[in-house]
Amino acid sequence: MDTKYNPSGYEQKLLEKWLSNNTFHSEPDKKKDPFTIVIPPPNVTGVLHMGHALNNTYQDILIRYRRMSGLNACWVPGTDHAGIATQNVVEKKLAKEGKSRYDVGREAFIEDVWEWKKHHGDYIIDQLKKIGCACDWERERFTMDEGLSKAVFTAFQHYYEKGLLYRGHRIINWCPRCQTALSDIETEHQELPGKLYHVKYPIKDSDEFITVATTRPETMLGDVAVAFHPDDERYHHLKGKKIILPIVNKEIEVVYDEYVDREFGTGAVKITPAHDPNDFEVGKRHDLEPVLAMNEDGTMNENAGELEGLDRFVARKKVIEILKEQGLLVKVEENPHNVGHCYRCDTIVEPYLSKQWFVNMKPLAEKAIEVVEQGRIKFTPERWKKVFLEWLYNIRDWCVSRQIWWGHRIPVYYCQDCDEIMVSANSPEKCTKCGSTNIKQDEDVLDTWFSSALWPFSTLGWPEKTKDLEYYYPTSQLVTAPEILFFWVARMIMSGMEFMGDIPFSEVFLTGTVRDETGRKMSKSLGNVIDPLKIIKEYGADALRFTLMVITAQGQDVFLSDEKFQIGRNFYNKLWNASRFVISNLEEYNTEFNKDNLDILDSFILTRLEKTKETISAAYKDFRFDVLSKSIYEFIWDDFCDWYIEGIKPYIYGKKEDDGNKMKVACYVLDNALRMLHPVMPFITEEIHNHLTKVEKSLIDEKYPIKDDQLIDEENLTEFKKIQGIVKEIRNLKAQSNIKKSETIKVILLNDSFKDEESLHYVQYFAGAELELVDTLPEGGKYSKAVAENVEILVDLTENVDLEEEKERLKGEIDKLVKEIERSTKMLNNKGFVANAPEKVVEKEKEKFEMYKESKSKLEETYKNLFPGEEL
RNA sequence: GGGCGGGUAGCUCAGUUGGGAGAGCAUCGGCCUUACAAGCCGAGGGUCACAGGUUCGAGCCCUGUUCCGCCUACCA
């Protein structure tokens, strides 16, 4: 084995092996239970970021663990066509050539996107491979694949025929830059400093004015009425009157509607049905014809009179100017408010009246609510369940049409001759009603999330009834970011119930968000991203994975910085070197140690190993990746390296009699540890395992270690912990007395301090001490004393010891004990404690009390001996 | 406006049915001990945000306050 482990070389080699052997492939197999995960498909435009790295490491660990545990694990990978985002990328590319998509035309543009996808789109898939993802690459899917497109059209037709899909005029969120409708959750609200403008509208045939307030004055050009509360007597006299809309000097209506809050402002609300969802509802109730004042690109239209052609924000200023000139602007107040922004390009979205396709979500949501309330789908951390349900209880219809070109074109066909509307997954050639071939397909495409909603079954072949679908569906667990809980998770559950009649997965694990060290979300525009590929290059994929796992508490946000990845690097370095030591001292790969020939050290390491297995399997159940990573880390570093390997050295170097059993134990432990760690650090564990067994195999095909209760020996573990405690104390005494670790120190112990010779040997060895056993401890003389684990430790102080320091040390120790005794006394004198606390706790406290008292008197004795006559 | 998460060592964070406050990094001291200086041995360091309450006992449970972050929402 190389003396240094250089990740990039090994990782590349192993990766090529895995890929060329198709190691991660899964086929339906009735003899085994499936364990399925579908990947949250990253955008084709995406490059791997830390969020992906975190998310996919979780999934990879789950997949590898289940596969090693004997399940038929299948991880379905793929990418999402990400309509708006991808179109934006290609449009930007065109813009550099001075062209727009309209210049090249729809067909040529889509070809361009496919071309782009072919060359840049699979970039992220390669990156996933680099972090070691055990995806079944043969099953890679793309949401625009033929099969998945068919799923989309089939689903659309199904919803339409069931009456759950309709086309209607509604206020939607319009992005003037992307020039498309967005769904409610695709608009992100940010608070911006805004103003509330109070404007006077003249009342026709009267000297009176009515004052209304607005945050978006430019939309007043689309006003059709002013509304008052029906019970508001201040405005009853206006019934039947008309109001003059300034600037365009149009007559508008007076209406009375309970929507108006009498307490707010003047109690008068201008009604702009084409630019505000509430106003739209009011307009409908009062038969008011909406007036659209804006074009799709955010400029004012012909209804804006002299403002026609101005951009909406320029128009806002202009409106205010005009109103001021005409003396109609009453006042302007500061009014910070939340404004919707396009989640793809951050442009301020416009509530805008438009004809779009909607899915009626209520009936779909009901089933999703049911399965989650019943606990058939479990969320981890559990708090997301509430968030999830809350959203579903208040669900609104989903606007699914988008005015872009890249995506699944809506499978609706309009006959140009007879107005027939046909909805069909198979593009019809002629009108089903009049037979005309003059039919035109809807221009719009579907929301990208419409296709991802079908992902858990469309990737497995739906709408065909495939073997895969039958075997792998429902999938097992889903790992994703909470940001897409509504976008994706909720919709998958709804469509799973609708099309498959069953839940798409039974457990959902929501990850935390990756942030920089100051707590900000990592984003390109902030420039605070840590590129996982850079980390892989510097530290290796294993270090990246391990570090992410060990520092991220379950579902909590994680704060990252470059240096943190040293945790992982240091760990693999330790593992590599320890393994190198074991392997180089091993004659052959043999884990069949003699169970009847174990000493206290063997028993200690085996007990700790088996207990670690227990911790790990519990951690898997609870998605505690931090716990499982940390417990393997501690086992390998603290128990195996610092105690077991150190402890067997005298046997290896021939300083102690050895029958070879210790190396077999070491082999067994290392073999187990590598398997246990493999899901977290797949590369190095496999590399080492191959060296250990001298056989080239994929570790993922090996069995995950199962706990062997026979190897657990609590009594020996306790005894060894006692050894460790004493060793630590002696080392401490040596360090404080400036005695080198390599120098031995004379230590006197009572005969019955330990169970047997073995224990004494290890104390002597680990502590670097020469033990003298006596029946009674010497009184007087220059000895320092410490008490650990209820054992008195006497150290010869004849040489080289600063008595002043020793005095301080003893004083400090005694002081600590005094405080402990005080605390303990108080507790034990408390009748309530003795009466109410569990007997075990009280007993323990009494024992401790006795121990403290004993220790204290022992130390005091020593103090008096060393410093006769001096006050404590 | 509503909801959620968090405030524990200098930093980043653990702390699972309430029973003597932990890890990693950083700091300090000592070590080239034949796997590893990316290491080994040892040490110091905390009014568990604040104020109440429940309890024999609270970092943990309840109430309130405060600060940070996130999600969500049509008050013109």
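Within every chain, numbering begins at 1; the chains are lettered A, B, ... in the order of the sequence lines, protein sequences first and strands thereafter.
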Selection from B:rA76, B:rA35, B:rG44 that lies nearest to any side-chain heavy atom of A:Lys649: B:rA35
Among B:rA76, B:rG19, B:rC36, the nucleotide that comes nearest once only the side chain of A:Thr214 is considered: B:rA76
Just checking [X]: base, sugar-phosphate only, or nothing, at a heavy-atom cut-off of under 4.0 Å?
X        : answer
A:Arg823 : base
A:Ala835 : nothing
A:Arg809 : nothing
A:Arg383 : sugar-phosphate
A:Glu820 : base
A:Glu646 : base
A:Pro482 : nothing
A:Val387 : nothing
A:Lys840 : nothing
A:Asn573 : base
A:Asp261 : base

OP1 or OP2 of [N] sitting under 4.0 Å from any side-chain N/O of [X]?
X        : N      : answer
A:Trp576 : B:rG39 : no
A:Tyr644 : B:rA35 : no
A:Arg731 : B:rG42 : yes
A:Lys386 : B:rC4  : yes
A:Lys826 : B:rG57 : no
A:Asn570 : B:rG39 : yes
A:Asn338 : B:rA73 : no
A:Arg396 : B:rC74 : yes

Donor-acceptor pair present, [X] side chain and [N] base, under 3.5 Å:
X        : N      : value
A:Lys4   : B:rA35 : no
A:Lys574 : B:rC36 : yes
A:Asn278 : B:rC74 : yes

So, are [X] and [Y] salt-bridged, with charged N and O less than 4.0 Å apart?
X        : Y        : value
A:Asp638 : A:Arg608 : no
A:Glu333 : A:Lys331 : yes
A:Glu845 : A:Arg823 : yes
A:Asp223 : A:Lys270 : yes
A:Arg624 : A:Asp622 : no
A:Lys564 : A:Asp562 : no

Taking pairing as Watson-Crick or G-U wobble with both contacts under 3.5 Å, can you name the mate of [N], or confirm there isn't one?
N      : result
B:rC75 : none
B:rC11 : B:rG24
B:rU33 : none
B:rG69 : B:rC4
B:rG52 : B:rC62

Say we look at [N] and [M]: how far apart would their [atom1] atoms be, to the nearest angstrom?
N      : M      : atom1 : result
B:rU17 : B:rA43 : P     : 28 Å
B:rC4  : B:rG10 : C1'   : 30 Å
B:rG45 : B:rG29 : C1'   : 15 Å

Quiz item: cation-pi between A:Lys649 and A:Phe581, 6.0 Å / 45°: yes
Charged tip of A:Lys662 within 45° of A:Tyr651 ring normal and under 6.0 Å: yes
Residue whose nearest RNA chain B nucleotide is more 5′ - A:Asp642 or A:Tyr5: A:Tyr5
5' priority, RNA chain B, between A:Tyr633 and A:Asp626 [closest heavy atom]: A:Asp626
Length of the CZ-C1' vector between A:Arg580 and B:rU34, whole Å: 12 Å
